[in-house]
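Per chain, numbering begins at 1; letters A, B, ... match sequence-line order. Only this structure's heavy atoms are used, side chains among them; waters, hydrogens and symmetry mates stay out.
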2 protein chains.
Amino acid sequence: MGEPGTICGRRRCLGKEYSCSMELSLAVIGGKWKPLILWHLRETPTLRFSALRRTMPAITQKMLTQQLRELESDGLLTRTVFAEVPPRVEYALTDLGRGIIPILEALCRFGKEFEARFGVEAADAPAPAAAER
Amino acid sequence: MGEPGTICGRRRCLGKEYSCSMELSLAVIGGKWKPLILWHLRETPTLRFSALRRTMPAITQKMLTQQLRELESDGLLTRTVFAEVPPRVEYALTDLGRGIIPILEALCRFGKEFEARFGVEAADAPAPAAAER
DNA sequence: CCGAATCCGACGCGATACTG
DNA sequence: CAGTATCGCGTCGGATTCGG
């Protein structure tokens with residue numbers, strides 16, 4: 001379909017198996033938290049662990065640590081440890097990581113288009129049948 | 001961070017809960033199969049179930065049916081049933097669904113960039129420690 | 001302050017069998 | 001041909017506790 005090589009056999013890169021470059025990207029930026037992390041690092045040179053965590057109140061330390069490590073080993077961000085007390089760890093996007101930002105922005109725009117078409121409501125809405133019309 | 005409203009409280013749209021428009025998009029095109037399905041419908045006006053299945057040998061009927069139904073109820077594609085025998089069902093992208101294509105293409109490009117940077121190998125490679133170096 | 005380790009529930013996804 | 005129904009595993013993600 002389309003360009004040769006766009007879709008082909010089963011491959012592996014950085015330990016991830018896939019059949020299409022697109023799948024690889026989703027393996028890298030997919031999941032519940034990675035897009036948010038990259039997004040929050042979008043316009044900030046560096047962010048330390050606790051600051052990053054404050055921007056995502058719902059995430060647990062375990063998940064934040066885990067996702068950060070994966071993003072690091074995928075080369076999307078750098079992790080700098082300062083051997084001092086109290087400990088300090090700073091995270092920053094790499095050039096490769098910055099390449100994801102336009103995609104996230106596109107996803108964001110599409111999401112808004114989606115909301116515009118189907119409507120949005122607060123997640124704690126009392127009853128989905130008590131407004132408008 | 002950035003534009004007001006870009007990241008805010010917990011919302012709901014089409015039954016999906018999220019805190020960011022980006023998450024909504026990932027809920028819609030994420031997962032193992034949806035990107036592939038949309039991709040295969042990219043340049044084809046319509047595809048019937050069996051044809052679609054032939055393009056993705058690894059998918060099971062159950063998953064294909066399930067993912068197609070979700071994409072339909074999210075308004076990304078249409079499902080047309082022909083009441084004849086043998087039965088025939090055709091799927092086609094909607095305008096909304098076509099809006100996803102540029103994002104998938106961007107994901108595809110990024111995936112290739114990724115491969116170029118880290119290298120690719122066949123998934124059935126005999127041993128990951130018997131080449132180069 | 002920044003993690004690692006463990007336990008555990010939820011569900012995405014697959015294999016198989018059956019139906020109009 | 002194009003589905004449903006049932007079963008079960010493996011992984012994702014959350015709660016909690018411990019360590020440097």
Side-chain angles (χ1 to χ4, degrees), chain A residues 10 12 14-20 23-24 26-37 40-41 46-74 77-92 123, chain B residues 10 15-20 23 26-38 40-41 46-74 77-92 123:
Chain A
R10 203 127 191 91
R12 196 180 332 157
L14 283 178
K16 307 173 206 306
E17 279 199 22
Y18 57 96
S19 310
C20 166
E23 286 182 73
L24 176 59
L26 283 171
V28 166
I29 69 160
K32 189 171 181 178
W33 298 111
K34 284 177 183 170
L36 278 305
I37 294 174
H40 286 301
L41 286 170
T46 74
L47 271 180
R48 47 189 303 183
F49 188 85
S50 49
L52 207 40
R53 200 182 166 192
R54 242 173 285 120
T55 67
M56 295 172 283
I59 199 174
T60 61
Q61 322 89 306
K62 171 194 170 181
M63 288 313 295
L64 183 53
T65 300
Q66 177 182 311
Q67 304 298 307
L68 283 170
R69 290 298 162 87
E70 290 182 18
L71 289 170
E72 182 196 10
S73 72
D74 288 345
L77 52 79
T78 59
R79 175 172 179 270
T80 311
V81 183
F82 296 86
E84 41 186 61
V85 44
R88 179 162 54 108
V89 182
E90 292 192 341
Y91 297 90
Chain B
R10 202 127 192 89
K16 306 172 206 308
E17 280 199 20
Y18 56 96
S19 310
C20 166
E23 285 182 73
L26 282 170
V28 166
I29 68 160
K32 189 173 181 178
W33 300 111
K34 285 177 182 171
L36 277 304
I37 295 174
L38 296 170
H40 286 301
L41 286 169
T46 74
L47 270 181
R48 47 189 302 182
F49 189 85
S50 50
L52 208 41
R53 201 182 165 191
R54 240 171 288 120
T55 66
M56 295 174 284
I59 199 173
T60 61
Q61 322 89 307
K62 173 193 168 181
M63 289 312 295
L64 183 52
T65 300
Q66 178 182 310
Q67 305 298 306
L68 284 170
R69 292 297 161 86
E70 290 182 19
L71 289 170
E72 181 196 8
S73 74
D74 288 344
L77 52 80
T78 58
R79 176 174 180 270
T80 312
V81 184
F82 296 85
E84 42 185 60
V85 45
R88 181 163 52 109
V89 182
E90 292 192 341
Y91 297 89

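Contact detail for A:L36 and B:C20: the closest heavy-atom pair is CD1-CB, 4.2 Å. Taking both residues in full, the closest heavy atoms of A:R53 and A:I59 are given as NE-O, 4.1 Å, listed atom of the first, atom of the second, then distance.
Atom CZ in A:R88 sits 4.5 Å away from atom CD in A:E84 (nearest 0.5 Å).
Rounded to a whole Å, the CD atom of A:Q66 is 10 Å from the P atom of C:dA4. As rounded to whole Å, 12 Å separates atom P of C:dG3 from atom CZ of A:F82. When the P atom of D:dT4 is taken as reference, atom CZ of B:R79 falls 7 Å away, rounded to whole Å. In this structure, the CD atom of A:E90 is 15 Å from the P atom of C:dC1, given to the nearest Å. Following rounding to the nearest Å, A:L68 (CG) and C:dC1 (C1') show an atom-to-atom distance of 14 Å. Whole-Å rounding puts the B:R53 CZ to D:dA2 P distance at 10 Å. As a whole-Å value, the separation of B:E84 CD from D:dG3 P is 13 Å. Atom-to-atom, CZ of A:F49 to C1' of C:dA4 comes out at 11 Å; the value is rounded to the nearest Å.
Residue whose closest nucleotide on DNA chain C sits further toward the 5' end, between B:E70 and B:Q61: B:E70. Sequence order on DNA chain D of the closest nucleotides to B:V81 and A:G31 puts B:V81 first from the 5' end.
Ranking D:dG3, C:dC2, C:dC13 by closeness to the B:W33 side chain, first place goes to C:dC13. Comparing atom distances between the B:M63 side chain and each of C:dG20, C:dC13, C:dC1 picks out C:dC13 as nearest.
Checked by atom type and distance alone, the side chain of A:E23 pairs as donor or acceptor with a backbone atom of A:S19 at under 3.5 Å.
Proximity of B:Y91 to the phosphate of D:dA2: no side-chain N or O atom is located under 4.0 Å from OP1 or OP2. Remark: A:T65 is not in phosphate contact with C:dC2, judged by side-chain N or O atoms under 4.0 Å from OP1 or OP2. Within the 4.0 Å cut-off from OP1 or OP2 of C:dC1, not a single side-chain nitrogen or oxygen of A:R48 is found. For B:R69 and D:dT4, the shortest distance from a side-chain N or O to OP1 or OP2 is below 4.0 Å. Side-chain nitrogen and oxygen atoms of B:T60 include none within less than 4.0 Å of the OP1 or OP2 phosphate oxygen of C:dC13. Taking side-chain N and O atoms only, B:R54 has no distance below 4.0 Å to OP1 or OP2 of D:dA2.
Geometric assessment of A:R79 against the ring of A:Y91 yields a negative cation-pi assignment under the 6.0 Å and 45° thresholds.
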